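Scroll down for the structure; my scribbles are underneath it.
Because the structure is predicted, anything quoted here is derived from the model rather than measured. In this chain, numbering begins with 1 at the start of the sequence shown.
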Amino acid sequence: MVLSRLRLWETTPEPFDNPYSAMSPDEKSKLIILLQQMLEDSREQAQALEHRAVKAETVAREDRARTEGMSRKMDELLRGMNELLASNRIKDNRLAEQDRLIAELRKALSDASVVEQPQSSRRSRRKK
């Protein structure tokens, strides 16, 4: 049964229904002109999109170069800031050391003056 259907399908021509058969040659020409215009419009749109894409790529490249420049400048500024911080830490350490030494010196001086005062009071008692 399937074989007979297959043979029938192979031997029976399929009718070709031309959708443009009812059109006059003038209408067919107008349709072809319209299709050509649509094709040209599509090409123009594709070119415009390609132009916009190239322009966007150029802008992106410029932005990237500007961003990389800003990044390099930021790196330089950060390096300078880190150097200043390190310098300030060294200065702070020196000042802390100086403050410690001054405090020790003051303490030593105050201890020495406390020790000297009793001796000077003894001298004043002897003179009387």
Side-chain angles (χ1 to χ4, degrees):
M1 177 149 161
V2 174
L3 269 172
S4 63
R5 273 193 188 165
L6 186 57
R7 282 191 187 124
L8 180 65
W9 180 76
E10 287 177 348
T11 57
T12 310
E14 187 70 28
F16 176 69
D17 195 19
N18 185 354
Y20 307 108
S21 62
M23 295 175 78
S24 68
D26 189 44
E27 289 175 321
K28 289 179 185 178
S29 294
K30 288 180 182 177
L31 178 63
I32 290 171
I33 291 170
L34 176 67
L35 290 173
Q36 286 176 335
Q37 185 61 43
M38 288 173 63
L39 180 63
E40 184 62 30
D41 290 346
S42 293
R43 286 181 183 151
E44 288 174 2
Q45 287 176 351
Q47 286 177 347
L49 286 173
E50 184 178 356
H51 177 70
R52 285 177 56 196
V54 168
K55 189 175 179 179
E57 185 180 0
T58 302
V59 168
R61 256 191 253 111
E62 290 170 356
D63 287 347
R64 182 176 185 166
R66 194 173 23 253
T67 302
E68 288 173 352
M70 289 170 55
S71 178
R72 282 190 298 274
K73 184 69 175 173
M74 286 295 292
D75 287 343
E76 289 174 24
L77 291 172
L78 286 172
R79 260 187 256 112
M81 187 180 74
N82 286 335
E83 289 171 6
L84 284 174
L85 286 173
S87 173
N88 284 343
R89 273 191 223 109
I90 291 170
K91 288 177 184 176
D92 285 347
N93 289 341
R94 287 180 186 161
L95 288 174
E97 180 65 19
Q98 287 176 355
D99 288 345
R100 187 185 64 77
L101 291 173
I102 289 171
E104 285 180 15
L105 185 59
R106 284 184 180 157
K107 185 175 186 299
L109 287 174
S110 69
D111 289 346
S113 66
V114 169
V115 170
E116 287 182 24
Q117 284 177 358
Q119 292 174 356
S120 61
S121 62
R122 289 181 195 161
R123 287 183 193 160
S124 62
R125 287 183 189 165
R126 289 182 190 168
K127 290 181 183 178
K128 291 182 182 177

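- Separating the CD1 atom in Ile102 from the CG atom in Leu109 is a distance of 11.5 Å, to the nearest 0.5 Å.
- Other members of the cluster containing Leu6 are Trp9, with ILVMFWY side chains joined at under 4.5 Å, either directly or via other members.
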Under 3.5 Å, side-chain donor or acceptor atoms of residues 33-53 against the rest of the protein: list the pairs with distances, not counting sequence neighbours.
| from | atom 1 | to | atom 2 | distance (Å) |
| --- | --- | --- | --- | --- |
| Gln37 | NE2 | Asp41 | OD1 | 3.0 |
| Ser42 | OG | Met38 | O | 3.1 |

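- Among residue pairs with one or both ends in residues 92-105, those qualifying as side-chain hydrogen bond (donor to acceptor under 3.5 Å, both in side chains) are Glu97-Arg100, Arg100-Glu104; sequence neighbours excluded.
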Name each donor-acceptor pair under 3.5 Å that joins a side chain in residues 59-68 to protein atoms two or more places apart or in another chain, with its distance.
| from | atom 1 | to | atom 2 | distance (Å) |
| --- | --- | --- | --- | --- |
| Arg61 | NH2 | Glu57 | OE2 | 3.1 |
| Asp63 | OD1 | Arg66 | NH2 | 2.3 |
| Arg64 | NE | Glu68 | OE2 | 3.2 |
| Thr67 | OG1 | Asp63 | O | 2.7 |

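- The distance from atom OG of Ser110 to atom CG of Leu105, rounded to the nearest 0.5 Å, is 9.5 Å.
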Identify every side-chain donor-acceptor pair in residues 23-30 under 3.5 Å, counting partners at least two apart or on other chains, and give the distances.
| from | atom 1 | to | atom 2 | distance (Å) |
| --- | --- | --- | --- | --- |
| Ser24 | OG | Glu27 | N | 3.3 |
| Glu27 | OE1 | Ser24 | N | 3.0 |
| Ser29 | OG | Pro25 | O | 3.1 |

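- Its side chain within the 4.5 Å cluster rule, Leu78 clusters with Met81, Leu85 among the Ile, Leu, Val, Met, Phe, Trp and Tyr residues.
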